[in-house]
Amino acid sequence: MSPDETREPLRVAIVTESFLPQVNGVTNSVCRVVDLLADRGHEVLLLAPGPGPSSYAGFPVVRLPSLPLPLYRGFPMGLPARRVMTAAIRAFSPDVLHLASPALLGSAAVETARRWALPTVAVFQTDLPGFAGRYRLPGRDALWSLLRRTHAAVDRTLVPSSATMETLSDRGFPRLDLWRRGVDTRRFSPDHRDAELRRGLAPGGEAIVGYVGRLARDKRVEMLAHVSRLRGIRLVVVGDGPERARLRRILPDAVFTGQRTGGELSRLYASMDVFVHTGADETFCQALQEALASGVPVVAPASGGPLDLVLPERNGLLYAPDSARELRVAVGRLVHNRRGARPSVEHRTWDAVGEQLLGHYRAVIASSAELAARGVGSGGGAAEGAGRVPASPGRSGRGRPETGASAPPPYTGRTPERSS
């Protein structure tokens, strides 16, 4: 029995900027967090942008309005529907508010949290200013200001890598803690290597060099054209996105599988000989971790999250982010070397990192309860821990949102069955 199972269940409201049916790093991380909370007996409410499933893992998903993101119309950008968001959070009466990669929705949720003295944990996952730069969008400095203001108003910001920690610290983001991502070492394993699949992808017995991820401009997948010139390799591109048609023209000899999930994705990863990532703005890069767990050495840019994951000469190689030559040389060196990949990540299970996340939840809840007990009033910013409105006592004596009378009743919208 885990230590968490001996404690009272938590009620966690998660506001995420991306969720199913969109498949990306934020969505995948949120799904894993919800799965863990469900398995441990906690209660969850999800608030997510755009149309999609109304439940996940047996918990309700409140869908918020959205608009297509400029230059990436398949990605819905959530709009801060404050009335809907406030009503849902108020009815659920959470112990803690979890903001997944907060942007517009997260900024609105922070206002609700401050008004009701809700403990808040924000997860910094998407490099939005870097994203804007790749797409040549205006307002990069304004994005940094919005993000800094949002994160300054939460109790704790969790970052996925040491490089991201350094970047945010240099930009004045307060109360940062490291929280890396977990990996499912059963789903991603060398055991899924499939000889028949390999023959289908590379009938001439070529070494398989693969990429898994979104096919979008910020991922710079066109750099694989330099890899495709290596003799004796077959390039396999797994994923979908707005750049797919252009990339098929640039990489005419590559195999494009489209988006794959579940067992298909597990077999594709494990059947590769080298995994290559080309995006240079990754705060973590979960695809690298999944490849390593599958026993596949990796090649990645020497920037951001990959700096924590890639151990040069042990589980892969790094290349200067804009050097096509270094990328090509690194892939060539690793084509026949699979040593050391899996041991570097097999200890990073979702159970292990899940315990860390629950520890962060309980820490900010305890801090909020202590402030309420001391009767701390307004007058400072929530960023300094002195601006919380004293919360009314609720279940188990924890602080609850003030509503002018009594704390709201528990949310009753949980669906009876878990969904995948």
Side-chain angles (χ1 to χ4, degrees), residues 18-36 52-53 56-57 74-75 125 181-202 206-216 219 221 224 227 233-244 247-248 251 254-279 282 284-300 305-306 309-310 315-316 338 341-342 344-346 348-350 353 419-420:
S18 180
F19 198 60
L20 300 171
Q22 280 68 46
V23 178
N24 52 50
V26 174
T27 295
N28 290 338
S29 292
V30 169
C31 287
R32 297 294 76 77
V33 168
V34 177
D35 289 340
L36 178 132
Y56 177 81
F75 189 93
Q125 186 162 345
R181 302 294 175 268
V183 64
D184 187 335
T185 54
R186 290 186 297 273
R187 180 182 174 193
F188 300 104
S189 164
D191 295 340
H192 299 301
R193 194 168 175 88
D194 187 325
E196 183 177 352
L197 174 60
R198 284 179 56 83
R199 284 192 295 271
L201 294 172
E206 301 92 340
I208 296 175
V209 176
Y211 165 88
V212 177
R214 287 186 296 111
L215 306 185
K219 299 300 184 182
V221 185
L224 294 177
V227 174
I233 70 109
R234 174 55 59 97
L235 196 60
V236 176
V237 178
V238 182
D240 207 349
E243 292 283 283
R244 183 176 182 178
L247 290 169
R248 288 182 72 96
L251 305 169
V255 177
F256 284 78
T257 70
Q259 183 175 301
R260 292 292 183 267
T261 59
E264 282 186 292
L265 182 59
S266 301
R267 291 189 294 275
L268 281 163
Y269 266 124
S271 298
M272 295 175 184
D273 296 297
V274 177
F275 178 85
V276 182
H277 192 76
T278 48
E282 303 297 322
F284 184 72
C285 197
Q286 181 70 351
L288 281 180
Q289 191 163 242
E290 291 168 353
L292 290 169
S294 302
V296 180
V298 300
V299 174
L309 290 169
V310 182
N315 66 1
R338 293 173 58 85
R342 183 173 169 87
S344 64
V345 297
E346 60 185 349
R348 292 185 177 180
T349 65
W350 274 110
V353 300
S419 60
S420 59

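Because the structure is a prediction, the values reported are computed rather than measured. Numbers for residues simply follow the sequence, beginning at 1.
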Problem - Between Asn24 and Ser18: side-chain donor-acceptor atoms closer than 3.5 Å - result: yes

Practice task
Show the numbers, then the answer: is there a side-chain contact (heavy atoms from CB on, under 4.5 Å) between Arg181 and Val353?
Solution key: CA-CA 7 Å; Arg181 302 294 175 268; Val353 300; over 6 Å; no

Is the closest side-chain heavy-atom distance between [X] and [Y] below 4.5 Å?
X      : Y      : result
Leu215 : Pro242 : no
Pro21  : Pro53  : yes
Val276 : Val298 : no
Val238 : Met272 : yes
Leu292 : Arg342 : no
Leu265 : Phe188 : yes
Arg198 : Ile208 : yes
Leu247 : Phe256 : yes

Problem - From Gln125 atom CD to Ser29 atom OG, the distance as rounded to the nearest 0.5 Å - result: 4.0 Å

Problem - Nearest-0.5 Å distance that lies between atom CD in Glu206 and atom CD1 in Ile233 - result: 8.5 Å

Handout entry: Note: Arg267-Asp191 ion pair, threshold 4.0 Å (strictly below)
Key = no

Exercise for the section: May I ask you to decide whether Asp240 forms a salt bridge with Arg214, counting only side-chain N to carboxylate O separations under 4.0 Å? Expected result: no

Practice task
Mind telling me whether Tyr56 and Phe19 have parallel, tilted or perpendicular rings, with 30° and 60° as the class edges?
Solution key: perpendicular

Exercise for the section: If the plane angle is over 60° it's perpendicular, under 30° parallel, otherwise tilted; pick one for Phe275 and Tyr269. Expected result: tilted

Between the main-chain N or O of [Y] and the side-chain N or O of [X], is there a donor-acceptor pair closer than 3.5 Å?
X      : Y      : result
Asn315 : Val310 : no
Gln289 : Gly182 : yes
His192 : Arg187 : yes
Arg234 : Ala202 : no
Ser189 : Ser294 : no
Ser271 : Leu197 : no
Arg193 : Leu268 : no

Handout entry: Stepwise side-chain contact (heavy atoms from CB on, under 4.5 Å) test for Glu264 and Thr257
Key = CA-CA 10 Å; Glu264 282 186 292; Thr257 70; over 6 Å; no

Practice task
Locate the shortest heavy-atom distance separating Ala293 from Pro190; write the atom from each residue and the value.
Solution key: O-CD, 3.4 Å

Practice task
Please report the closest heavy-atom contact between Gln259 and Val23, naming both atoms and the distance.
Solution key: NE2-CG2, 3.5 Å

Practice task
Could you go through the side-chain contact (heavy atoms from CB on, under 4.5 Å) check for His277 and Val299 one step at a time?
Solution key: CA-CA 6 Å; His277 192 76; Val299 174; over 6 Å; no

Handout entry: Residue pair Leu309, Arg348: steps toward the side-chain contact (heavy atoms from CB on, under 4.5 Å) verdict
Key = CA-CA 11 Å; Leu309 290 169; Arg348 292 185 177 180; 2.9 Å; yes

